[in-house]
Structure formats: structure tokens, C-alpha cells
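A quick note: this is a predicted structure, and the numbers were derived from the prediction, not measured. The chain is numbered in sequence order, starting from 1.
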Amino acid sequence: LLSVSRVSETGRTWSFCAEVLSSLGFGIASSLVPVLNSEIFIVGSLASGLLGPLEISIGLAIGHAIGKLIIFVGIRKGKDSRWFRHKEPKPVEPGSWRDKLRRWNVKAAHAVEHPKWGVAILMFSTITGVPPVYLTSIYAATTKMRTVPFMITMVIGFFLRCYALALATVWGIDLFI
């Protein structure tokens with residue numbers, strides 16, 4: 001009897017790992033290719049019974065964080081690359097829409113670089129999707145935001161977002177089916 005329970009525990013562990021890895025793979029892909037929708041993956045996987053809510057959430061959170069880190073580091077390293085031409089900004093007329101956009105970008109850059117506000121803005125973006133995380137990641141890479149807080153914020157924020165949606169989906173499936 002003891003060996004049977006041990007085998008079933010080992011089987012559950014391998015199943016858990018396989019489910020997390022499949023979600024992780026999709027999380028990386030969907031963070032790099034915006035048309036691959038994680039929300040649809042969560043709903044579809046849970047509705048089909050293929051994956052559990054915790055496994056999906058862990059895998060997608062880590063996968064999204066890895067994908068956004070690839071974008072973050074790529075932009076940081078790429079902006080100094082010889083492959084990209086660095087142009088001097090064009091002069092703009094004071095009060096024009098370009099002038100207003102530049103001033104807004106400077107203010108936003110200072111907010112994202114701020115030790116307290118930068119992480120808060122990024123966390124809000126990862127949990128709610130407003131502003132889109134893809135754009136927030138690109139923008140954060142152009143500032144002085146450190147990599148470790150960026151990664152930790154991505155993992156926690158995406159986990160909360162995915163787990164909330166997964167639990168809502170499970171509740172909805174149980175309610176209607």
C-alpha cells in the first residue's frame with residue numbers, strides 16, 4: 001500500500017511539472033508574439049480539463065516573465081548596437097503635438113525610473129493589462145529600471161492575473177456545467 005501511494009505521488013508530481021512546462025512554453029511564446037492570447041489559453045485549457053489553475057498560472061507567469069525579459073534585455077543591448085542608426089531628434093515647435101508627446105515621454109520615463117512608482121506602474125500593468133504590458137516592457141527597457149525588480153514584478157503580477165482568471169474560469173465552468 002505504501003509503494004502504491006508513492007507511485008501515485010510521483011505520477012502527480014510529473015504531471016504537475018509537465019503541465020507547468022507546457023504553460024511555460026506558451027507563456028514565453030505569447031509574451032513575444034502578441035497575437036497568442038494567454039487568456040484564451042487559460043479558458044481553453046481549463047474548460048478541456050487538460051491543465052489545472054495553479055499549474056497554468058505558475059507556468060504562464062514564469063513564461064511571460066522570461067519572454068518580457070528577452071524583450072527588456074534585447075532593447076537594452078540593442079539600443080547600443082551598431083545595427084541601429086542613432087539619429088538626433090528633430091526640432092519641434094513649442095506647443096505642437098510632438099512637443100507635448102516628448103514632454104509626456106520625459107514625465108513617464110521619470111515615473112518608471114522612480115524606485116517606488118516604476119514597480120507600481122509595472123505591477124498595475126501586469127495585473128490589469130492597462131497600459132499593455134508589451135509596451136510597458138519596451139518602455140521600461142529604455143529607462144534606468146533595474147532588471148531584478150522588473151523580473152520579480154513580472155512574475156508576481158502575471159501570476160496574480162492568470163490565477164484570478166483561472167479561478168474565475170473554474171468557478172464559471174462549475175456554475176454552468
Side-chain angles (χ1 to χ4, degrees), residues 20 23-43 53-169 171:
V20 169
S23 297
L24 184 129
F26 191 85
I28 293 171
S30 69
S31 69
L32 297 173
V33 182
V35 295
L36 297 176
N37 193 311
S38 294
E39 288 80 4
I40 293 173
F41 177 79
I42 292 170
V43 172
L54 184 63
E55 295 86 343
I56 290 173
S57 302
I58 291 170
L60 284 177
I62 295 169
H64 272 289
I66 291 170
K68 297 304 182 200
L69 180 65
I70 291 168
I71 292 170
F72 186 84
V73 171
I75 290 171
R76 283 244 167 116
K77 302 289 183 187
K79 70 180 182 181
D80 298 327
S81 173
R82 61 186 170 142
W83 294 95
F84 297 102
R85 286 188 237 154
H86 298 282
K87 296 188 270 183
E88 291 297 321
K90 294 179 183 179
V92 295
E93 292 182 34
S96 69
W97 68 272
R98 284 189 177 174
D99 181 50
K100 291 176 184 174
L101 181 63
R102 278 199 187 151
R103 282 189 281 140
W104 184 85
N105 275 333
V106 169
K107 288 179 185 176
H110 288 304
V112 172
E113 288 174 341
H114 193 275
K116 293 178 185 174
W117 288 110
V119 170
I121 291 167
L122 194 60
M123 182 65 77
F124 184 79
S125 175
T126 56
I127 292 173
T128 64
V130 177
V133 184
Y134 197 85
L135 297 177
T136 309
S137 300
I138 291 170
Y139 198 76
T142 64
T143 67
K144 296 176 185 174
M145 179 177 265
R146 295 188 328 250
T147 306
V148 172
F150 175 82
M151 275 299 290
I152 291 170
T153 303
M154 284 286 156
V155 171
I156 293 170
F158 273 119
F159 177 79
L160 293 173
R161 178 182 186 170
C162 294
Y163 200 56
L165 179 59
L167 292 178
T169 303
W171 178 77

Roughly how far, to the nearest 0.5 Å, is [atom2] of [Y] from [atom1] of [X]?
{"X": "Met154", "Y": "Ser31", "atom1": "CE", "atom2": "OG", "value": "9.5 Å"}
{"X": "Tyr134", "Y": "Leu32", "atom1": "OH", "atom2": "CG", "value": "7.0 Å"}
{"X": "Arg76", "Y": "Lys144", "atom1": "CZ", "atom2": "NZ", "value": "10.5 Å"}
{"X": "Ile28", "Y": "Ile66", "atom1": "CD1", "atom2": "CD1", "value": "4.5 Å"}
{"X": "Glu39", "Y": "Leu60", "atom1": "CD", "atom2": "CG", "value": "9.0 Å"}
{"X": "Thr128", "Y": "Leu160", "atom1": "OG1", "atom2": "CG", "value": "12.0 Å"}

Student check: side-chain heavy atoms of [X] and [Y] closer than 4.5 Å:
{"X": "Thr126", "Y": "His64", "result": "no"}
{"X": "Thr153", "Y": "Met145", "result": "no"}
{"X": "Ile42", "Y": "Cys162", "result": "yes"}
{"X": "Lys68", "Y": "Ile71", "result": "yes"}

Do Glu93 and Arg98 meet the salt-bridge criterion of a basic N to acidic O distance under 4.0 Å?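 Salt bridge between Arg98 and Glu93, a charged N being under 4.0 Å from a carboxylate O: no.
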
Under the side-chain contact (heavy atoms from CB on, under 4.5 Å) rule, collect the residues that match up with Thr136, sequence neighbours excluded.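 Applying side-chain contact (heavy atoms from CB on, under 4.5 Å) to Thr136 gives Leu122, Ser125, Pro131.
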
Over 60° means perpendicular and under 30° means parallel, so classify the ring planes of Trp104 and Tyr139, tilted if in between.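 Ring orientation, 0 to 90° scale: tilted.
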
Return the minimal non-hydrogen interatomic distance between [X] and [Y], and the atom names on each side.
{"X": "Phe150", "Y": "Ser137", "value": "CZ-OG, 3.8 Å"}
{"X": "Phe26", "Y": "Leu36", "value": "CZ-CB, 4.1 Å"}
{"X": "Pro53", "Y": "Tyr163", "value": "O-CD1, 3.9 Å"}
{"X": "Phe159", "Y": "Ser57", "value": "CE1-CB, 3.6 Å"}

Under 6.0 Å from the CZ atom of Arg102, do we count more than 12 heavy atoms belonging to anything else shown?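 Counting neighbours around CZ of Arg102, more than 12 heavy atoms of other residues, nucleotides or ligands fall under 6.0 Å, so yes.
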
